[in-house]
Number of protein chains: 2
Amino acid sequence: MSSFTNQDLRRAGLKVTLPRLKILELLEKAESHHMSAEDVYKALMEHGEDVGLATVYRVLTQFEQAGIVERHNFENNLSVFEIAKDEHHDHLVCDQCGKIIEFHNEEIEALQEKVAKDFGFTLAGHSLVLYGICDNKDCQNSIKR
Amino acid sequence: MSSFTNQDLRRAGLKVTLPRLKILELLEKAESHHMSAEDVYKALMEHGEDVGLATVYRVLTQFEQAGIVERHNFENNLSVFEIAKDEHHDHLVCDQCGKIIEFHNEEIEALQEKVAKDFGFTLAGHSLVLYGICDNKDCQNSIKR
DNA sequence: CTTAGTGCAAATGTTTTGCACAATG
DNA sequence: CATTGTGCAAAACATTTGCACTAAG
């Protein structure tokens, strides 16, 4: 199962505080679970929580270091965060509507390892994002324009 | 051959101006050809050129749209640019010393196409960056620390 | 109580924009 | 000469930091 608890926070040397719990909860149950710091902040505001934007940034960074969330930098210079899952995955992003699909391809992973090894690198991680137009009709139409 | 000319600028609807030529020339012959806007700006300053930082940003963005340079956003939220080559390539970045290696793997490319198609996407581009530690002795040592 | 966490405001670093002036075709 | 490009300064963003105050263990 992939739900983080107070224990996970403590294990990371983080006190269990209201802002951290709220942010964690928000990320766990967000349907579109790719959120920018600003997104998280606005969502908290809407829920009537009194958390500062600076705290959101601090907490997200701490969560990242603790392996609780992953940070992604897509094409725009803006970081988005998502709850870390057990299974690693990469992303497919629609240039038109921004839809994000997660995928995992074992063959690609293996080839990446091979490439790194060929160049004498010890692979530590990678970032693979595919950009394109999804099959949504509006997005398809925008191509022919 | 992969050298851009005044013709390429005109074809892109850009007038041939001194700043554009200087930036183009700089990117073409830079040995470490991955430069941030700031890098480009500083290099121009050192050559005694009088170009504003804003112009560097504008020109690089125009060049990107014209397909003359490619923009990459590596882990840090900072854009780096490089002259577009005929052959597409991805990057292998050393987390320790920042060394950047370019590679191209046809198998990975093909698999990306397949993944996109499987999800109903028309692939427009992708970003693949492998992070790790290179075989430089200092970088290797830093692991065992 | 002692330490870590927070909100706020101010600072930072990168990139963009407005505008009067300069250069290109 | 009409248009596009430029430098400069100011604005706009995303993110970080300093600090006095608050809450957690």
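Because the structure is predicted, anything quoted here is derived from the model rather than measured. All values below were derived from every heavy atom in this structure, side-chain atoms included, with hydrogens, water molecules and symmetry-related copies excluded. Naming: A, B, ... by sequence-line order, numbering from 1 per chain.
When the nearest nucleotides of DNA chain D are assigned to A/Ser36 and B/Leu14 by heavy-atom distance, the more 5′-ward of the two goes with B/Leu14. Across the interface with DNA chain C, nearest-nucleotide mapping of B/Leu78 and A/Val59 shows A/Val59 to be the residue nearer the 5′ end.
When the C1' atom of C/dT3 is taken as reference, atom CZ of A/Arg10 falls 16 Å away, rounded to whole Å. For the pair B/Leu9 CG and D/dT6 P, the computed distance is 10 Å after rounding to whole Å. Protein atom NZ of A/Lys22 is 17 Å distant from nucleotide atom C1' of C/dG5, rounded to whole Å. If you take CE of A/Met35 and P of D/dT15, they are 14 Å apart, rounded to a whole angstrom.
Note on B/Ser79: only backbone sugar-phosphate atoms sit closer than 4.0 angstrom, heavy atoms only; bases stay farther off.
Both A/Tyr57 and A/Leu9 are assigned to one and the same hydrophobic cluster, defined by single-linkage of ILVMFWY side chains at heavy-atom distances under 4.5 Å. There is a path of hydrophobic side-chain contacts, each under 4.5 Å, that joins B/Val80 to B/Ile100. Under the 4.5 Å side-chain heavy-atom criterion for Ile, Leu, Val, Met, Phe, Trp and Tyr, B/Val51 and B/Val69 are members of the same hydrophobic cluster.
Side chains of B/Asp90 and B/His126: a donor on one and an acceptor on the other come within 3.5 Å.
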**Where protein sits on nucleotides 16-23 of chain C, one letter per nucleotide: B base, S sugar-phosphate only, - none, heavy atoms under 4.0 Å** = BBB-----

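OP1 or OP2 of C/dT6 lies within a sub-4.0 Å distance of a side-chain N or O belonging to A/Arg20.
For A/Glu107, there are no salt bridge (Lys or Arg N to Asp or Glu O under 4.0 Å) partners at least two apart in sequence or on another chain.
For B/Ala37, the listed nucleotide lying nearest its side chain is C/dT15; candidates were D/dA14, C/dG7, C/dT15.
Ring geometry for A/His104 versus A/His88: interplanar angle over 60°, hence perpendicular rather than tilted (30 to 60°).
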